[in-house]
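Reading through the C-alpha cells given below for one structure.
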Amino acid sequence: MSEPNQTAPAAAGAELPTHFDFKAAEPAISAAWETAGAFHADPARTKRFGGDRDPFTVLIPPPNVTAVLHVGHGLNNTVQDVLVRWRRMAGDETLWLPGTDHAGIATQNVVEKIVAKEGKTRFDLGREAFVKRTEEFVAETGGQILQQLKSIGASADWTRTAYTFSPELSRAVREAFVRLHEKGLVYRGHRVIHWCPRCLTSLSDEEAEFHDSEGKLYLVRYPLADDPSNGITIATTRPETILADVAVAVHPDDERYSALVGQSLTLPLVGITIPVIADGYVEREFGTGALKITPAHDANDFEVGKRHGLAMPVVISPEGKVGAIADAEGRIPKELDGLDRFAARRKAVAMLEASGALVKIENHKHSVRKCYRCETVVEPRLSDQWFVKMAPLAAPALKAVKDGTIRLLPEKWEKVYINWLEGIRDWNISRQLWWGHRVPVWTCGNRHALAYREDPAVCRSCGDKQLEQDPDVFDTWFSSWLWPISTLGWPDRDSKDLKAFFPSDVLVTAPEILFFWVARMIFAGYEFLGRAPFHTVYLHGTVRDMQHRKMSKSLGNGIDPLDVVERYGADALRWTLIQGMGLGVDVMLDPSDLDKSFAPGRNFATKLWNIGRFILLQVGDDGVQPFEQVDPAALQLADRWILGRLDAAIAECDAGLGPARPRDGHWPQAERQLGLRLDAYAESARRFVWNELADWYVEAVKSRLGEAGADREVARAVLVHVFDHGLRLLHPIMPFVTEALWQRLPGAVTGRLLATAAWPTSDGERPVAEVGNFDLLREAIDAIRALRAQYVVAPGNPVRAFVAAGAGADVLIANAALVQRLAKCRVHVGSPPGGAAAHAVLPSGLELVLPLEGMVDVARECARLRGELDSLSKQLDALRSRLANEKFTAKAPAAVVDAERAKEREWSARTEQLAAKVRELCD
RNA sequence: GGGCGAAUAGCUCAGUUGGUUAGAGCACCUGCCUUACACGCAGGGUGUCGGGGGUUCGAGUCCCUCUUCGCCCACCA
C-alpha cells in the first residue's frame, strides 16, 4: 500500500486488494496526520486574535496517569474525537486538549501496593522517599494511555498535553487556594468527617459512597444511675461506639421519656454516668425513640453534641482500632483495648449480652459508606480539615444551568444537577496523603496560619522564622476542577491559549463524575474567570455487557479496545461505539463474542473500501472533470436523485450533530436539546453511502460508464463527487478508511488531508419531480423483485411487466435497461396478454402487471390479492367512519381532514382496482 | 425517606408540538459466488406500544393509578 499522503497513482483501483488493510494503513495515516500538524490549534487563526475562525475547544476528561485504556475510555474519547473532527472540517480552529490526572489517592494506592510487595509501608520509606518513588513510577509507566488513544485515532493536539501535577498546573492549584483563602471561602473546620482507615485520609462526601447492606440493630438498655431497675433502651448499629457515648437524647415532646430528661444513666461497658438530654433531632418513631450520642464518631451526634456543649471523646484510632485516643481516659475496657473496630463490635455485643444489657438484636437494612477507592467501610471521625464554602460558588453555577448558559444532555441530568446544588455542602479538600499538591499554608511559632503563593522564609504576620507547612495535600479533584482554565494557562492573564480557547465548548463525560468534577469545574470557571467553562455537557452512557453489568476488571467482563483495534481495526471499534450511542443510552457489548459487536463496523469499512475500489477501477487512468464544471443540464435522472439524496444526508448529519454552539451565549429553549444524536448521524451517513449510493446509484451508472462519451464523463464526475462527500460525512466516525480512500480519489493532492478537508454543505433544493421519478423506478424494481421472490421465479428466468401508458410508463421505458438488469424484467407499455398475472400497485399508484404463464398457480395470486383487498377494505371502512363522524370534521384541523379525504379517494380507487382484478382473475 | 427517569419486535433502541396501515439496526429464515464487495446481494415475519382507568373526534404520545426496573440525593441512630 502506498503512503496515504501521496497523490494516488492513476488506476490505483486495479491494484487494490478486496479488503482494507487497516493494520498497515492505520499507523501510516496517523503518522501523516501528525507530520502535517493536522491537529494543532493556533490561537492566531481564531476570531479572538483577528483570524477568521471560531474556536472550538474540547478538554479531555484527564484519565488517571496510571490508567490503561479500557473500553469506557474508548467510548468517551471516540465521542470527543467525532465532535472535534467534525468541527475541524467545518472550519473551526479546533483544540482538543489532552492530558492526565495525577490522581492522588488512586496513584498513591497503586504505589503502596507495589511497596507492600517489598514488605514495606509508605511509613517505612518516609514521605520524601515515597513521593520520589511515586514520581519515578509515574515517569516510567504513566501516560501510556495517551499513546493508546492515538491508536484509536484520537485527534488531540498532543503538543499541549497537560498533567495536573505539572509545575504549571500546580501553580494554578496554589493560586486558586490562596485566592479562596483571601476571600474567606476556605476555612479550617473541626468536625466529624469521613475517614478511610485503610487509606488513612479523610474523604469528601462524594468520595464516601453509599452501599446498601444487611446489618443488625442492637437494642441496649442503659440503666438509671439512681434506680438501676429503671432505664432507657436505645437502638444502635454500632455498639462498639458506646464507649464514646456522652449522652442519651430523646425528643423533647416524647411523653415516654419526658420524666427522665435531666437524669443520669450508667453507660454499659464503661460504668460512667451520662445525662439524658432532649433534642428535636431525635425521631420518636425510629427504634426506641432514644438515641445514644457519640459526638466524635457520628456527624449528626457531633451537631447534637455541639448544641449541648458535650464532651467529644475519641475511641477509635485512625487505623480503626479501639483505644483511648482523645479525652477517653477510663472509657476503654481492657477486653476491647486495641481491637479492630469490627472485632470490638463482636466482643462488645458478647459483653453486653453477658451483663444483661443487650435487649434484642434486629435485622436492619441500611446504607454504609465506603471509600470509593478501596471500598473500606468509612469511619466517621472528629478531625481538623480544610473546607471550601460551596454555597457562594454554587450560586452562579446553578443559575447558569437554569437560564440556559449551560445545557446538560440528556436533559434529565439538569434536574439531578439542580437538586444536588440546591442542597450542597462544604467540600473537604484536605487529604492526609503524600501524593498530591501540598496545602500551601504555613504556621509560625506564634500560631499564625497563612496561605502563601511562594514558599515563605518568615511569617508574613509577625516575621517569625519558625515556620511549619501543613502536612496535608489537596483532594485530587481540587486540581481537576481547574482543568478548563489551568490547561489553558491560568493564572497567567496573558496566556494566548486562554484568550483564544476559553471558554471551551463541549464537555464529554460520564454521569458518575457530574458532582466530583463537572459541577466543580463550573464553580471554578465562574469564581476565577467569571464565566462558564463550557456551554454543553454531554453525559454519555456506560459500556455494559449483555447482562447489563458495567464492564470492569474485577468482573472479568471487559473488552480491550486495543485487542479490537488489532482484530477489526480502529474504525470498526469507533463505528460500533458511535452507532450505538443513543443520547444517554448505555452501549451493550458482548465480551464473549467480539464478532457480534465489531464485525458490522469492519464490514462497513470493507463496503466503503469496495465502493472506492469500484470507482477507481472505473476511473482508470483518465482524469475526471471536477463536479463544479459539469453542466447541470447534462445531469441524468439518477444523477439528480443521488445529488438530492446527498443533500438530504448532509442535512440529516448536521441535524444529528446539532448546533456547535449557542448563538448568543444562551441556549434558547427550542435549541436546548438539539444535536449530539451521534447514532442518528451515523445512521444517516451509513444509509446514504450504502443504501443509496452503493445499492442504487452505483448500479444505475454502471451501464453509462461502459461507453465513452460526454455522459460517461458526467457519470464519473458525479460518482466521484458524491463518494468524496460520503467519505467526508463519515470521516469523523471512521477516520482511517475514509482518509485512505480519499487520498486515492482523482483530484487528490499531495499533502491535502481529509482530516482537514471541508465538511460538506448542501447544494440546495433539487427538482422534486426528478427525484420522484427515480423513486418510481426504485419502487417498480422493488415490487418486481418482491413478486419474483414470492413466486419463486428462478434468478436467471426473465419476466415481463406491463404498464398502462402515461408519465410513469415513460420513466420505466426510458430506464428499461436498469429495470432489466436489477429486476431481470422487460417493461412493456400496454395491456398484458390474458391469463394468470401478478399485480403490483406501487405506492405512487402506478400498477404493474406481470404475466405468470407457466410460472405459478392462479390460486396463489388470488389469495394474495384477496388478502390485500381485505386489509385495504378494513382500513378504508375505518377511514370512512372517521370521516362520517361530524365531531371529527368539525374539530380536527382542516389540513388533517383534507388529508384524510384525499386518502379516502385514493384508497377507494385502489380498492376498486383490486376488486376488479379479483373478479377477472379468480371468479 | 426525597427527587428523577424508563417500560414499544427475540436483542438494543427511534417514534418531534396527540393525526395515515408504529419504524431502524442487529439477530433469525429463504434464495443467490448477478466479476466493487459472500466482511456481499436479493427477498421475508415478527408487536394486546408493561396492567388498569381517564381526557379527546382521535392516545405509543397527555392525565391518574398500579406493577417492574434503573439512576441521583439523604443526618432513620
Side-chain angles (χ1 to χ4, degrees), chain A residues 13 16 18-20 205 210 217 234-238 241 249 281-283 285-288 290-294 298-304 364 366-367 410-420 423 511-512 514-515 546 548 568 572 579-580 582 584-588 595-597 599-618 673 677 679-680 682-683 686-687 694-695 698-699 702 782 785-790 792 794-796 821-824 871-872 874-875 878-879 882 885-893 895-897 899-900 902-903 907:
Chain A
L16 291 182
T18 56
H19 293 74
F20 175 48
D205 294 340
F210 281 105
L217 192 61
I234 56 88
T236 181
T237 54
R238 308 193 53 205
T241 63
Y281 162 68
V282 180
E283 295 216 13
E285 287 72 29
F286 188 88
T288 59
L291 171 65
K292 71 191 215 42
I293 300 298
T294 320
D298 184 288
N300 306 303
D301 292 6
F302 173 76
E303 296 300 324
V304 176
H364 180 60
H366 64 140
S367 289
E411 198 191 15
K412 64 175 174 181
W413 291 108
E414 293 189 352
K415 287 167 189 155
V416 174
Y417 174 93
I418 289 167
N419 189 266
W420 185 71
E512 288 98 87
L514 181 58
F515 305 135
M546 301 320 277
H548 296 195
Y568 301 90
Q579 164 277 335
V585 168
D586 290 339
V587 177
M588 309 295 170
D595 234 44
K596 193 172 158 192
S597 299
R602 177 204 56 194
N603 296 352
F604 185 31
T606 304
K607 184 70 184 184
L608 283 172
W609 186 255
N610 278 288
I611 298 167
R613 202 161 147 256
F614 170 80
I615 291 175
L616 294 174
L617 282 167
Q618 297 306 320
Q673 292 171 62
R677 266 61 174 185
D679 56 338
E683 174 55 21
R686 190 204 65 85
R687 197 211 55 232
D695 289 350
V698 165
E699 294 303 328
K702 272 181 177 170
D782 280 342
R785 280 171 170 173
L787 286 175
R788 289 186 67 109
Q790 201 176 351
V792 201
R821 196 152 49 78
L822 296 188
K824 301 268 169 11
S871 82
L872 188 59
K874 275 185 192 152
Q875 296 303 328
L879 182 59
R882 190 169 343 149
N885 186 339
E886 281 175 24
K887 286 180 181 169
F888 171 70
T889 47
K891 294 193 178 178
V896 171
V897 178
E900 297 284 83
K903 198 191 313 160
W907 287 6

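As the structure is a computational prediction, the values presented were derived from the model and not from experiment. Numbers restart at 1 for each chain; the letters A, B, ... are given by sequence-line order, proteins then strands.
A distance of about 36 Å separates the C1' atoms of B:rC63 and B:rC75, rounded to the whole Å. Between the C1' atoms of B:rA42 and B:rU67, the separation comes to 45 Å (whole Å). Using C1' as the reference atom, B:rA74 and B:rU68 are 24 Å apart when rounded to the nearest Å. Nucleotides B:rG25 and B:rA14, compared at atom C1', are 10 Å apart to the nearest Å. Here the separation of B:rG18 from B:rG60, taken at their P atoms, is 13 Å to the nearest Å. Going from the C1' atom of B:rG44 to that of B:rG5 covers 37 Å, rounded to whole Å. A distance of about 39 Å separates the P atoms of B:rC73 and B:rG53, rounded to the whole Å. Distance check on atom P: B:rG19 versus B:rG58 gives 14 Å, rounded to whole Å.
Rounded to whole Å, the distance from CZ on A:F888 to C1' on B:rG18 is 13 Å. Atoms NZ (A:K824) and C1' (B:rA42) sit 10 Å apart, rounded to a whole Å. Rounded to whole Å, the distance from CG on A:N419 to P on B:rC73 is 9 Å. One interatomic measurement links the two molecules: CG of A:D679 to P of B:rC11, which rounds to 19 Å at whole-angstrom precision. Nucleotide B:rC39 holds its P atom 18 Å from the CH2 atom of A:W609, rounded to whole Å. Taking atom CG on A:N885 and atom P on B:rG19, their separation rounds to 18 Å, with Å as the unit. Rounded to whole Å, atom C1' of B:rC4 lies 9 Å from atom CH2 of A:W413. Rounded to whole Å, the distance from CG on A:L879 to P on B:rG19 is 16 Å.
Here A:R602 lies in heavy-atom contact (under 4.0 Å) with a base. Across all strands, A:V587 comes closer than 4.0 Å to no nucleic acid atom at all (heavy-atom distances). At the heavy-atom level, A:A599 lies nowhere under 4.0 Å from the strands shown. Nucleic acid contact class of A:E414 (heavy atoms, under 4.0 Å, all strands): none. Within the 4.0 angstrom heavy-atom criterion, no nucleotide atom of any strand lies near A:A605.
Checking B:rG43, B:rC39, B:rG19 against the side-chain heavy atoms of A:R785 singles out B:rG43 as nearest. If you check B:rA36, B:rG44, B:rG19 against the side chain of A:A786, the one that comes closest is B:rG44.
Counting only heavy atoms from C-beta outward, the side chains of A:L217 and A:F286 approach each other to under 4.5 Å. Annotation: side chain of A:E303 is not in contact with side chain of A:Y281 (no heavy-atom distance under 4.5 Å). No side-chain heavy atom of A:D298 sits under 4.5 Å from any side-chain heavy atom of A:T241. Proximity of A:Q579 to A:E683: side-chain heavy atoms (C-beta onward) are nowhere separated by under 4.5 Å. Contact check for A:L822 versus A:R785: side-chain heavy atoms found under the 4.5 Å cut-off.
To the nearest 0.5 Å, atom CG of residue A:N419 and atom CH2 of residue A:W413 are 11.5 Å apart. For the atom pair CG of A:N603 and CG of A:L608, the computed distance is 11.0 Å after rounding to the nearest 0.5 Å. Distance check: A:K596 NZ to A:M588 CE gives 11.5 Å after rounding to the nearest 0.5 Å. Note that CZ of A:R882 and CG of A:L879 are 6.0 Å apart. Values are rounded to the nearest 0.5 Å. Rounded to the nearest 0.5 Å, atoms CG (A:N885) and NZ (A:K891) are 9.5 Å apart.
Contact record, A:T606 with A:T18: CG2-O, 4.0 Å, taken as the closest heavy-atom pair. Across all non-hydrogen atoms, the minimal contact from A:I611 to A:A694 is CD1-CB, 3.7 Å.
Donor-acceptor pairing under 3.5 Å, judged by distance alone, is present between the side chain of A:K607 and the base of B:rC37.
For the 3.5 Å distance criterion, the side chains of A:N610 and A:R613 qualify, holding a donor opposite an acceptor.
The nearest heavy atom of RNA chain B to A:F604 and to A:T889 marks one nucleotide each, and the one closer to the 5' end goes with A:F604. RNA chain B is contacted by both A:D782 and A:N603; A:N603 maps to the nucleotide lying nearer its 5′ end (nearest heavy atom per residue).
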Is there any protein nitrogen or oxygen under 3.5 Å from a nitrogen or oxygen in nucleotides 21-29 of chain B, and what are the pairs?
from, atom 1, to, atom 2, distance (Å)
B:rU21, O4', A:Q875, OE1, 3.4

For nucleotides 74-77 of chain B, which of its nitrogen or oxygen atoms have a protein nitrogen or oxygen under 3.5 Å away, and what is each distance?
from, atom 1, to, atom 2, distance (Å)
B:rC75, OP1, A:R425, NH1, 2.7
B:rC75, OP2, A:R369, NH2, 3.2
B:rC75, O4', A:N300, OD1, 2.7
B:rC75, O4', A:N300, ND2, 3.0
B:rC75, O2', A:Y281, OH, 2.8
B:rC75, O2', A:N300, ND2, 3.0
B:rC75, N1, A:N300, OD1, 3.3
B:rA77, OP2, A:H364, NE2, 2.9
B:rA77, O3', A:T237, OG1, 3.4
B:rA77, N6, A:E283, O, 2.7
B:rA77, N6, A:F286, O, 3.4
B:rA77, N1, A:E283, N, 3.2

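Taking only side-chain nitrogens and oxygens, A:H548 comes nearer than 4.0 Å to OP1 or OP2 of B:rU12. Checking the phosphate oxygens (OP1, OP2) of B:rA36, a side-chain nitrogen or oxygen of A:K702 falls inside 4.0 Å.
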Check your understanding: Would you write out the dot-bracket form of RNA chain B, 5' to 3', with Watson-Crick and G-U pairs under 3.5 Å, [ ] for crossing pairs, | for pairs to other strands and . for unpaired bases?
Key -> (((((((..((((.....[...)))).(((((.......))))).....(((((..]....))))))))))))....

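Ring planes of A:F20 and A:W609: tilted class, angle from 30 to 60°.
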